2 protein chains.
Amino acid sequence: MATIYDVARQAGVSIGTVSRFLNQNGYVSEAARERIQAAVEALGFAPSGVARGLSSKQTRMIGVVVPDLVNLFIPEVVRGIQDVMDNAGYCAVIYNTDGLGAREARALKLLYERRVDGMILLPPSSEEGNAQIEELHRQGLPQVLLGRDLPGLPLDSVTVDTYRGAVEAMQHLLALGHTRIAFVSDRRLKRLSGRLSGYRDALEQAGLPLDDELLFEMSSMYKGTVLDRMLQVQDPPTAVFSMNDMIAIDVIQEAYQRGIKVPDHLSIIGFDDITFAASVQPPLTTIAQPKSLLGQTAAELLLARIEQKASLPVQEVLLSCQLIVRMSTARR
Amino acid sequence: MATIYDVARQAGVSIGTVSRFLNQNGYVSEAARERIQAAVEALGFAPSGVARGLSSKQTRMIGVVVPDLVNLFIPEVVRGIQDVMDNAGYCAVIYNTDGLGAREARALKLLYERRVDGMILLPPSSEEGNAQIEELHRQGLPQVLLGRDLPGLPLDSVTVDTYRGAVEAMQHLLALGHTRIAFVSDRRLKRLSGRLSGYRDALEQAGLPLDDELLFEMSSMYKGTVLDRMLQVQDPPTAVFSMNDMIAIDVIQEAYQRGIKVPDHLSIIGFDDITFAASVQPPLTTIAQPKSLLGQTAAELLLARIEQKASLPVQEVLLSCQLIVRMSTARR
DNA sequence: CTGAAAGCGCTTACAG
DNA sequence: CTGAAAGCGCTTACAG
């Protein structure tokens with residue numbers, strides 16, 4: 001593999017000159033330029049990012065820690081991150097944690113050893129992970145939180161106002177005349193409490209009672225029976241607010257199997273607006289999260305932080321959701 | 001940021017000894033061990049992967065070039081790759097090409113500059129990309145092709161026998177008594193021709209005519225009208241073999257909107273078995289691809305290649321598909 | 001068991 | 001405009 005020495009020798013100049021040519025900083029005479037260019041091509045020379053990283057103290061790599069790539073939501077966020085980073089000349093190293101605290105801490109450590117210039121961290125948060133984030137922050141590593149927070153640490157972050165989104169989802173249902181509205185959550189996503197607060201507050205504001213019987217949890221334990229449980233409630237719900245689209249789609253399917261028509265007999269609204277939301281039958285009414293924008297914003301915050309370090313004040317960006325009305329909700 | 005020099009000084013040994021301790025090769029006295037360990041912890045020392053990479057000439061990073069992360073299929077494959085690589089102590093740098101030849105070539109070049117120890121390359125292939133692959137192969141970089149081939153280059157590869165899968169899909173439909181079977185493809189996926197060949201051969205073997213009128217293309221241009229076009233054929237199809245699940249699901253939705261019952265009036269079979277296939281209504285009969293296994297196998301081939309380089313014979317692994325019968329297909 | 005030294009392939013002042 | 005030299009933080013024989 002050709003090195004800068006090979007190029008220098010073949011072009012009859014010093015490595016310093018080749019370096020200046022490569023980085024387009026400092027002067028290089030036209031004559032030298034041409035010879036170097038020719039040598040680079042003849043040798044198929046590609047400068048070593050590793051050596052560069054060592055001497056320049058920046059790798060132009062960033063770490064992205066995600067809970068799961070096999071989830072319709074994450075890849076779109078990652079896409080947004082990569083688009084921005086790619087443009088800025090950075091590579092993204094993606095690490096899966098499976099939502100496990102131990103793996104999160106390990107991912108952070110490994111990425112740090114790799115000397116990434118910064119990191120973007122997605123949920124969920126764990127104690128081990130948080131401790132590691134704190135440690136890295138102390139070491140001066142730029143980090144941006146995406147969709148999660150870590151009280152007490154002055155870190156940049158981007159979040160979606162899911163509370164507001166939940167309120168909007170509820171207002172949509174309320175405006176359609178529903179008064180018995182179920183909330184379906186997922187045991188693993190307990191932390192996403194903004195949605196539940198929005199559900200509660202919207203109900204309260206509408207002067208409706210908060211009935212714990214209308215709170216359901218879709219766990220593997222119960223899988224496939226949420227709807228059954230709903231129907232057993234006296235004065236059963238006429239509408240369902242699901243904490244995410246995946247769950248909403250499962251409920252739609254359960255309804256279909258029992259001959260319950262959506263939205264005629266039951267209205268269902270989801271959350272996220274995953275790619276499939278528009279393709280199910282009936283197309284799902286949902287609260288869209290700005291997935292790509294989330295990623296892009298996080299990337300931009302990180303870039304700014306990498307370039308300015310401590311001199312920049314901490315930024316916390318809050319993005320808003322959007323109600324997408326499709327066919328799964330109707331007047332009661 | 002602490003370096004190996006800081007650790008050595010604090011522990012009262014030379015950096016060579018610290019290095020030996022870190023890599024657990026060579027002897028280090030018990031006394032030295034303890035002092036070094038203490039110094040490492042006190043300083044929060046994490047050895048620089050960059051410096052390591054430069055001197056050891058291996059970065060323990062691999063590149064993964066994918067067409068698109070926002071596609072139910074890819075993330076699962078990537079997952080399989082990461083699981084294996086992670087275990088072997090490698091990081092995966094993922095690069096998106098959007099299926100664009102120019103971006104593919106660029107991705108390869110950038111990854112090479114980063115001195116990844118090897119790469120796994122997913123479809124589609126492009127001329128620019130192929131030229132770059134050839135160039136890198138000449139430079140001695142280990143590369144594994146996943147789900148694609150590049151005739152003429154002796155590269156390791158893993159592929160799924162989609163031809164066989166297509167034949168099985170067709171045999172399933174034929175066994176149900178269908179004789180007029182449509183094939184729906186996607187303009188962007190023209191290259192995935194194994195499926196089409198399987199469709200044709202199965203028909204031929206069954207002694208059925210090959211009717212070009214039954215070949216449809218789902219392109220954005222026609223989007224939403226495939227079914228309409230199908231119904232205009234005289235003696236219209238009673239079953240549809242779709243080149244992938246996404247398309248199959250779109251067709252199901254179109255059918256639903258026109259009041260055509262699946263599978264009563266029309267049987268539909270997909271390909272891939274994406275996560276959602278089981279969640280649509282009716283649950284989709286499909287040909288499952290071993291997504292995670294594809295990734296794992298590619299990772300294992302690459303690992304072997306990295307360790308043994310040229311001494312290993314070229315390996316070409318062919319994985320098989322599996323028919324998953326659900327509810328979208330029925331007797332004619 | 002341990003240290004001194006060279007080397008990995010670049011960048012970056014510093015002279016000239 | 002250009003070269004010589006130091007340095008980035010490790011690994012790896014080589015002596016001892």
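Keep in mind that this is a model prediction, so the values were computed, not measured. Throughout, protein chains are lettered first and strands after them, A, B, ... in sequence-line order, and every chain is numbered starting at 1.
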> Want to settle it: does A:Ser14 or B:Val18 sit nearer the 5' end of DNA chain D, counting the closest nucleotide to each?
Replying inline: A:Ser14
What is the distance, rounded to the nearest whole Å, between atom [atom1] of [X] and atom [atom2] of [N]?
X	N	atom1	atom2	value
B:Leu54	C:dG7	CG	P	14 Å
A:Phe21	D:dG3	CZ	P	14 Å
A:Gln58	C:dG9	CD	C1'	16 Å
B:Arg35	C:dG3	CZ	C1'	14 Å
A:Arg20	C:dT12	CZ	P	11 Å
A:Gln24	C:dT12	CD	C1'	17 Å
A:Asn23	D:dT2	CG	P	16 Å
B:Arg60	D:dC10	CZ	C1'	15 Å

Looking at [options], which one has an atom nearest to any side-chain atom of [X]?
X	options	answer
B:Arg115	D:dC10, C:dC8, C:dC10	C:dC10
B:Thr17	D:dC1, D:dG9, C:dT2	C:dT2
B:Thr3	D:dC10, D:dC1, C:dT2	D:dC10
B:Ile4	D:dC1, C:dT11, D:dT11	D:dT11
A:Arg52	D:dT11, C:dG9, C:dT11	C:dT11
A:Phe45	D:dT11, D:dC8, C:dC10	C:dC10
B:Ser19	D:dT11, C:dG9, D:dC10	D:dT11

> Any cation-pi pair here, A:Arg114 with A:Tyr112, using under 6.0 Å and within 45°?
Replying inline: no
OP1 or OP2 of [N] versus the side-chain N and O atoms of [X]: is any pair under 4.0 Å?
X	N	value
A:Ser55	C:dT11	no
A:Lys57	D:dG9	yes
B:Ser29	C:dT2	yes

>> Once you apply a heavy-atom cut-off of 4.0 Å, does A:Val50 come out as touching a base, just sugar-phosphate, or nothing?
In response: nothing
>> Using a heavy-atom cut-off of 4.0 Å across all strands, would you classify A:Ile15 as base, sugar-phosphate, or nothing?
In response: base
> Are B:Asp272 and B:Gln289 linked by a side-chain donor-acceptor pair shorter than 3.5 Å?
Replying inline: yes
> Quick one: do B:Arg148 and B:Glu104 make a salt bridge, cutoff under 4.0 Å?
Replying inline: yes
> So, B:Arg106 and A:Asp86, do they make that salt bridge, N to O below 4.0 Å?
Replying inline: yes
> Would A:Gln139 and A:Glu135 satisfy side chain to side chain donor-acceptor pair (under 3.5 Å), going step by step from the backbone distance to the final call?
Replying inline: CA-CA 6 Å; A:Gln139 301 267 358; A:Glu135 166 69 19; 3.0 Å; yes
>> Is it the case that C:dC8 (base atoms only) and A:Tyr5 (side chain only) share a donor and an acceptor within less than 3.5 Å, ignoring hydrogens and angles?
In response: no
> How long is the gap from CD1 on A:Ile15 to CZ on A:Arg20, to the nearest 0.5 Å?
Replying inline: 10.0 Å
>> Return the pairing partner of C:dA4 with a 3.5 Å limit on both distances, Watson-Crick or G-U wobble; otherwise return none.
In response: none
